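In what follows, a single structure is set out as C-alpha cells and then discussed.
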Amino acid sequence: MSTASQFNQQRAGLRMGPRVAVLKEGSEKKQGPDHVASNAAACKALADVVAPTLGPRGSDILLIVKDKPMITNDGASLLKAFNVTHPGAKLLVEMSQSQDRIVGDGTTSVVVLAAEAFSRLASLLCSLNPPHSVVSVLK
C-alpha cells in the first residue's frame with residue numbers, strides 16, 4: 001500500500017470518529033444568526049474602543065482602573081486593563097496578546113481588522129447564507 005493511500009485512510013478514519021463537545025458545567029451551547037450577531041457586536045464594540053488610538057495621530061484615552069487614572073494611546077494597554085468576559089471579544093484580546101508576544105507591535109491593528117472581518121462575515125452568515133458558501137468565498 002502506498003504512503004498516500006495510508007495517509008488518506010488515516011484522514012478518513014479521523015473524520016469518522018465521534019465528536020465530543022466539552023463544556024463547563026452550567027454552560028450552554030448557543031448557535032444561529034442571533035449568536036453570530038452578538039459575537040460580531042461585541043467584537044465591534046471592543047474595536048471601537050481601541051480604534052481611536054490607532055496611528056501616529058491616535059488619541060489618548062483616560063481610564064480609571066481601581067481608582068487610579070491611566071492615560072494611554074496604546075491599544076494593548078487598554079485591552080490589558082479591561083476585564084473582557086464575552087467569548088467573542090475575549091478572542092480578540094487573545095489575538096492582540098499573541099500579536100504583541102510574537103511581533104511586539106500591531107496589537108490595535110489586529111483587533112480593528114479582525115473585528116471588521118468578523119462583522120462582514122457575520123452579516124453574510126446572518127443573511128442565511130450556508131456556512132460552506134461563505135467559506136468558499138474566502139478561498
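These numbers come from a predicted model, not from an experiment.
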*asked:* Looking at every heavy atom in both A89 and C43, which two are closest together, and how far apart are they?
replied: N-SG, 4.1 Å
_L79 side, atom CG; T108 side, atom OG1 - distance, nearest 0.5 Å_ = 7.0 Å
_Is there a side chain to side chain contact (heavy atoms under 4.5 Å, CB included) between S38 and H86? Walk through the geometry before answering._
CA-CA 10 Å; S38 168; H86 191 280; 3.5 Å; yes
_For D60, is the CG atom crowded, meaning more than 12 foreign heavy atoms sit under 6.0 Å from it?_
yes
*Shortest non-hydrogen separation from A81 to V65 and the atoms involved*: CB-CG2, 4.0 Å
*How far does CD of E116 sit from OG of S119, to the nearest 0.5 angstrom?*
5.5 Å
*Approximate separation, where rounding is to 0.5 Å, of S77 OG and I71 CD1*: 13.0 Å
*Are the side chains of P69 and L63 in touch, meaning some heavy atoms are under 4.5 Å apart?*
no
*Is N73 close to I61 at the side-chain level, that is, under 4.5 Å between some pair of heavy atoms?*
no
*Under the 3.5 angstrom rule, does the side chain of Q99 hit a backbone N or O of G104 as a donor-acceptor pair?*
no
_Membership question, hydrophobic clusters at under 4.5 Å side-chain separation (ILVMFWY): are V50 and L54 in the same one?_
no
*CG of D100 to CE of M95: how many Å apart, nearest 0.5 Å?*
13.5 Å
*Do the side chains of L46 and V93 get nearer than 4.5 Å, heavy atoms only?*
yes
*Any side-chain heavy-atom pair from F118 and N39 closer than 4.5 angstrom?*
yes
*asked:* Would you say L113 ends up clustered with L124 if hydrophobic residues are merged whenever their side chains have heavy atoms under 4.5 Å apart, either directly or through other cluster members?
replied: no
*Step by step, would you call T72 with L78 a side chain to side chain contact (heavy atoms under 4.5 Å, CB included)?*
CA-CA 7 Å; T72 184; L78 287 172; 3.8 Å; yes
*Carboxylate-amine/guanidinium proximity below 4.0 Å for E94 and K90*: no
*asked:* If I take atom NZ from residue K80 and atom OG1 from residue T107, how far apart are they, to the nearest 0.5 angstrom?
replied: 8.5 Å
*Which atom of S96 lies closest to which atom of V110, heavy atoms considered*: N-CG1, 4.4 Å
